[in-house]
Amino acid sequence: MIYSAKVMEHFANPRNVGELADANGIGEIGNAKCGDIMKIYLKIENDTIVDCSFKTFGCGAAIATSSMATELIKGKPLDEALKLTNKAVVEALDGLPPVKIHCSVLAEQAIKAAIADYYTRLGIDPTPIVGVIDNDHDHHDIGCGCDLDD
Ligand code: FES
């Protein structure tokens, strides 16, 4: 499998790793098939992500996409962070092999879950803002690389 230099670099030196002690939005997304788990921590002030971090138990592509995704949302207002697609994360990494695209969906969904958690803590129903979060997803239709297909 060929990975871009950017993927290898973010895998070797991931940015924003670890827990954020003062996070006020935390999202966790898991993939039941491959067992990967991604947790995103957000510190939000005035509807802006002032800091963020991640913990990923998963493959190299999951680590690289978490790292890049946190770089892309740091300093961004929530409405912009919600627009971050897995496609944009993959493009920022100069691509991923097709079978690893689903790993980047984890990062997109974990960010949405963390923003939903932030709104829930404020007593605001997140669903109209964030939409439905795809947890325990089963995206074998978009090229999961888990080799665990039924
Ligand atoms: Fe990378 Fe499933 S998230 S193999």
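In listed order, ligands and their atoms are each counted from 1. In this chain, residues are counted from 1 in sequence order. If you're wondering where the values come from, they're calculated on a predicted model, not measured in any experiment.
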Quick note on ligand 1: atoms under 4.0 Å from a heavy atom of Asp36 include exactly 1 (Fe), 2 (Fe), 3 (S), 4 (S)
Can you sort out which atoms of ligand 1 are near Lys100, meaning under 4.0 Å from one of its heavy atoms?
1 (Fe), 4 (S)
Hits for side chain to side chain donor-acceptor pair (under 3.5 Å) against Asn16, two or more places apart or cross-chain, chain-then-number order -> Thr70, Glu71, Lys74
With atom 1 (Fe) of ligand 1 at the apex, how many degrees lie between SG of Cys59 and SG of Cys103, rounded to 10 degrees?
100°
Short check: any N/O/S atom of Cys34 below 2.8 Å from atom 2 (Fe) of ligand 1?
yes
Please determine which of Thr127, Asp125, Ile124 meets the side chain to side chain contact (heavy atoms under 4.5 Å, CB included) test together with Tyr119.
Ile124
Using the test side-chain contact (heavy atoms from CB on, under 4.5 Å), find all partners of Ala69 that sit at least two apart in sequence or belong to another chain.
Leu84, Val89, Ala107, Ile111
If we number the atoms of ligand 1 from 1 as shown, the ones under 4.0 Å from a heavy atom of Leu106 are 3 (S)
Return yes if a side-chain donor-acceptor contact under 3.5 Å exists between Ser4 and Asp94, otherwise no.
no
Apply the side chain to side chain contact (heavy atoms under 4.5 Å, CB included) test between Arg15 and each candidate in Ser66, Ser53, Ser67; give the one that qualifies.
Ser67
Hey, which atoms in ligand 1 end up nearer than 4.0 Å to a heavy atom of His102?
1 (Fe), 2 (Fe), 3 (S), 4 (S)
